[in-house]
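Encoded as structure tokens, the structure appears first; notes follow it.
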Amino acid sequence: MFSDYSLAELGSIFVMQGFAGLILFSVFVLMALGLAIIFGQMGVINMAHGEFMILGAYVTYFTSQFFLNFIPSLFNIYFFVAMILAFFASGALGMFIEWAMIRRLYKRPLDTLLATWGLSLILQQVYRSVFGPREVGVELPEWMMGSLPVTDMVEVQINGLFVMGLTIAITVAVAVLMYKSNWGKQVRAVVQNRVMAGAVGINTEKVDRYTFGLGCGIAGVAGSAFTMIGSTGPTSGQLYIVDTFLVVVFGGAQSLLGTIASAFTISQAQSTMEFFLSGSTAKVLTLLSVVIILMLRPQGLFVIKVRR
Amino acid sequence: MNTPVITDTMNKDFVLAVEGLTVSFDGFKAVNDLSFYVDENEIRVIIGPNGAGKTTVLDLICGRTKATTGSIKFKDQELTRMKEHEIVRAGVGRKFQNPSIYEDLTVFENLEISYPKGRSVVGALTFRRDAPVKERVQEIAEMIFLADQLDQRAEYLSHGQKQWLEIGMLLIQDPELLMLDEPVAGMSVSERKKTAELLHTIIKNRSVIVIEHDMKFVEDIAHKVTVLHQGKILSEGPMAKVQADPKVIEVYLGH
Amino acid sequence: MTKTGRTFFLRPQDMIGIAILAILLLVVLPLTLDNFRLQFVGKYLTYAFVALGLVLCWGYAGILSLGQGVFFGLGGYCMAMFLKLEASSVENTKIQTTPGIPDFMDWNQITQLPWFWEPFHHLGFTIIAVLVVPAIFAFVVGFAMFKRRVGGVYFAIITQALAAILTILIVGQQGYTGGINGITDLRTLNGWDIRTDSAKTILYFVCVGLLLASILLAYFVKSSKLGRILVAMRDKEDRVRFSGYDVSNFKVFVFCLAASLSAIGGAMFTLQVGFMSPSFVGIVPSIEMVIYTAVGGRLSILGAIYGTLLVNWAKTSFSESFPELWLFGLGGLFIAVVLTFPNGIAGLYQTYVAPRLGPLFGGAAKRSDATPPAPPSSGHAPAAAE
Ligand SMILES: Nc1ncnc2c1ncn2[C@@H]1O[C@H](COP(=O)(O)OP(=O)(O)O)[C@@H](O)[C@H]1O
Ligand SMILES: [Mg+2]
């Protein structure tokens, strides 16, 4: 499939497709980050994660509409506002769900999977009833459109770079929160020994609730990023759930760095292959490779050793 | 390397020969260059403070944890290269520290599953609960004081009874090497007495490795005692010798 | 009679349960429902095969597969390929550019029957393929994963990914598979027109017969020592290993068995409904099949059948009148079954109905297959026993 292109062309194709995959990569990273926190730290499989993302996307859409209609002068910065709103909307919903449902299901991971699947169906129907079945898209502010020429053959989209930068910032923030802050220490204490953590005075229920909220909130931000590569509809989130779960598992569920590396590998593989093959073949090949690698190396690609 | 024991290792037939055994968890050596030998029909007791690596040694022998280096020979078979079920089939039985039984099944079914027949898929499908099986289960149940509870779900047994049931599950396998991890821990005084009695009957005609803290109990049954400390052997020999060892006294009584 | 003295694999209350189900499916429903409704029941019953497999695989062995649609689909497609070839005889397709091949291939500029379609000219091969192809696939997946001790949620996620992959593949390879529309316009089975009402009625009874046979098989497996090993494995995998069993072999076996059962369902679906499409393969149908089992009671063989019938009946009636409500209902069902009645209908029956019926059957119904009160919590891949 490579024979029709010269080496230089191939090089730029890889780079271009690589950058074209940036937003997809960012969405993956953010989704997977949220999932990894919820799964890795709490052992909960959140099948409704895509719906939390889509809530963020809807929030972003409505914020853009609001700015467009009421304060068009500030339209340039709507995205920042939208992101923050998306984070809090999805995070709040997440905390509510944790309270109403998830907290009864710790220690039963397969059951969380089924229950959150049910939740995802309900949320989809809620979106359909409230926002309508039609898919909606956002308008980008002018400064985010267009692309930067890097060489004469390679161009990079500005919104891609922007979302990418944002993703890095959020990831760093999460890493700091989880590994440096006092709160992160509490989360890890609860993960390792719930009873002991409770005994030394950590409010485990609160830790659980905020952890779940954080994971869902990040999914909301992923939804903001998502509005730039796809249109938002009630069921758009579901399309991402399998991919992101594979990203998480592939990266080794406990490792933040692994999650990022794995999101990068998968999104880049897919976006590069898409150039040469049809979209569905590229997707099948990507997923299949991941599944086969996981069968051979179930602990994930980036984890050296698992504890039994 | 310099285990302070046994010079005539070469010309004896050991049931179990552990040599240079090391396991490291992310750099932490829970068991460090350990060597010891167990004779036929010997009762060996391993003692040592918490975290000394006693359970890990049993894990290594029965294949639950893979050794980093070293060798474990059971009757000339290298256990470090075998899978758990192969090790069991070779004749090594192991009781876990916390009673590990099937709570959803009855006492009878617990013992029946451990009966060493029909261990393949086809074997299990065609396994028949015939007279020899029932007799053997009955026999074991009487030994472990559970003859009246055969039809009861194991979940409803007391802690001590669960321990016995697990011992029974090992007995029905009739292993040549039996490994017991703290068999009387958490038992009432009367249960302890009964357990000691039980152990006395079951340790006949096989080699046994027991991990135990109860010194009276150890004195009672041990042929030889191995003291483990920080993954290494601190002392080894008959109970009296070990008890007199100043190193052991220091570890147990503190500095 | 004490349990230890049992020799036959069906207990009295099992026999009564099976007899009641048989009477319901073979006599009551055919007499009370019109043809149209009976065909619906026939369609639902094909999913019951999947639910049955899940009882063994998920309920008993604790292995949750979210990819059972794959096996249902493989079985269904094998059957559909045979029927399609029979429907695409040279006379039937002479207006095509290449007569004698399925119409969708012709539309996709394919001029020769692909090699993997060839053997499906033979019914014997097809029937074997229905049972064996999914089992082989399950074997490969199960062997790779269970030997490496992957289980719980990891297994669930990977099987779900397989369902996604197969769907995308089928949809993408339109020329070989019929794409998103599936394989449609199926007509005859060895010359016997399967579209007539009488044929459909006969197929309904065939389906019920196969289902009852599968139920007996499931009871046999459940009551064998293998059944108890599965339960033992579900909560104390290490202990089973240290009793000398190669745990992975048992998991592979039960996963393959569940796959073959699902495939029978898929093949019967194709025969009764007259087409097969990727919409029965993917993530959504696969996980819906899990809910049939959960609603019926994940530990109850007969419960799975009633669960399937009930959920599908609800789905049909709701989506006819209030399509929006159905998703709420289904979603709520997932949540409710997990949160409030984890042993499903069978659990409710055992708690509320059976104690009252007990005296009627001389106490036979006392000890049930749904007794375990809490649902199994297996799922952490690295399960520690200490
Ligand atoms: N799988 C494991 N991973 C990491 N550390 C372990 C593992 N198993 C045991 N350890 C460590 O090895 C040491 C010895 O443990 P153990 O053998 O259980 O001691 P004990 O003598 O009390 O039975 C402990 O410090 C324990 O934390
Ligand atoms: Mg110990």
Side-chain angles (χ1 to χ4, degrees), chain A residues 39 43-45 47-48 100-101 104-126 128-129 234-235 238-239 241-243 245-246 248-249 253 277-288 290-292 294-300 306-308, chain C residues 58 62-64 66 140-141 143-145 148-166 168-169 171-173 283-284 287-288 290-291 294 324-340 342 374-384:
Chain A
F39 176 49
V44 171
I45 304 288
M47 294 300 271
M101 188 166 106
R104 297 156 212 253
L105 295 174
Y106 291 122
K107 304 262 170 225
R108 285 159 60 188
L110 292 180
D111 284 354
T112 59
L113 193 158
L114 296 178
T116 50
W117 178 266
L119 174 69
S120 81
L121 296 182
I122 292 178
L123 287 178
Q124 283 170 26
Q125 190 54 45
V126 170
R128 198 173 289 121
S129 309
T235 52
Q238 205 168 54
L239 304 174
I241 195 71
V242 169
D243 303 49
F245 263 117
L246 286 184
V248 172
V249 178
L277 304 159
S278 75
S280 76
T281 317
K283 183 118 192 181
V284 165
L285 281 181
T286 315
L287 293 184
L288 207 57
V290 172
V291 165
I292 289 172
L294 276 179
M295 282 183 187
L296 300 177
R297 209 186 140 73
Q299 65 273 49
V306 277
R307 255 191 178 194
R308 274 221 291 140
Chain C
W58 176 41
I63 305 162
L64 176 57
L66 294 181
V140 171
V141 173
F143 191 85
M145 305 199 56
R148 288 183 177 76
R149 312 235 169 127
V150 180
V153 293
Y154 292 89
F155 187 78
I157 289 170
I158 289 188
T159 46
Q160 183 170 56
L162 287 173
I165 292 171
L166 189 64
I168 302 171
L169 194 66
V171 173
Q173 301 299 316
I283 297 173
V284 176
I287 203 165
E288 255 181 48
V290 172
I291 205 64
E324 336 66 62
L325 275 187
W326 169 241
L327 267 192
F328 283 126
L330 186 62
L333 205 54
F334 270 96
I335 296 172
V337 83
V338 162
L339 282 182
T340 54
S377 63
S378 56
H380 290 291

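Values below: every heavy atom of this structure, side chains too, minus hydrogens, waters and symmetry copies.
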What part of [X] is in contact with chain A, defined as an atom under 4.5 angstrom from a non-hydrogen atom: side chain, backbone, both or neither?
X: C/Val141; value: both
X: C/Ala161; value: both
X: C/Ile291; value: neither
X: C/Val171; value: neither

In terms of heavy-atom proximity below 4.5 Å to chain C, should [X] be classed as side chain, backbone, both, or neither?
X: A/Val126; answer: both
X: A/Leu105; answer: side chain
X: A/Ile122; answer: both
X: A/Leu296; answer: both

Residue, of C/Leu169, C/Ile287, C/Leu339, that accumulates the most heavy atom pairs under 4.5 Å with chain A: C/Ile287
Choice from C/Leu325, C/Val284, C/Leu64, C/Leu327 maximising heavy atom contacts with chain A below 4.5 Å: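 Counting heavy-atom pairs under 4.5 Å, the top option is C/Leu327.
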Single hit among A/Thr286, A/Leu285, A/Val284 for side chain to side chain contact (heavy atoms under 4.5 Å, CB included) with C/Ile165: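 Of the listed residues A/Thr286, A/Leu285, A/Val284, the side chain to side chain contact (heavy atoms under 4.5 Å, CB included) partner of C/Ile165 is A/Val284.
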Supply the atom-to-atom distance [X] [atom1] to [Y] [atom2], rounded to the nearest 0.5 angstrom.
X: A/Asp111; Y: A/Ile45; atom1: CG; atom2: CD1; result: 11.5 Å
X: C/Gln160; Y: A/Leu113; atom1: CD; atom2: CG; result: 7.0 Å
X: A/Leu121; Y: A/Thr116; atom1: CG; atom2: OG1; result: 10.0 Å
X: C/Leu66; Y: C/Ile157; atom1: CG; atom2: CD1; result: 8.5 Å

Full working for side-chain contact (heavy atoms from CB on, under 4.5 Å) between A/Leu294 and C/Tyr154: CA-CA 9 Å; A/Leu294 276 179; C/Tyr154 292 89; over 6 Å; no
Donor-acceptor contact below 3.5 Å, side chain A/Ser280 vs main chain C/Ile168: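 No, because the side chain of A/Ser280 does not come within donor-acceptor range (under 3.5 Å) of the backbone of C/Ile168.
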Heavy-atom side-chain proximity of C/Ile283 to A/Gln238 below 4.5 angstrom: no
Contact leader toward chain C among A/Gln124, A/Lys283, A/Met101, where contacts are heavy-atom pairs under 4.5 Å: A/Met101
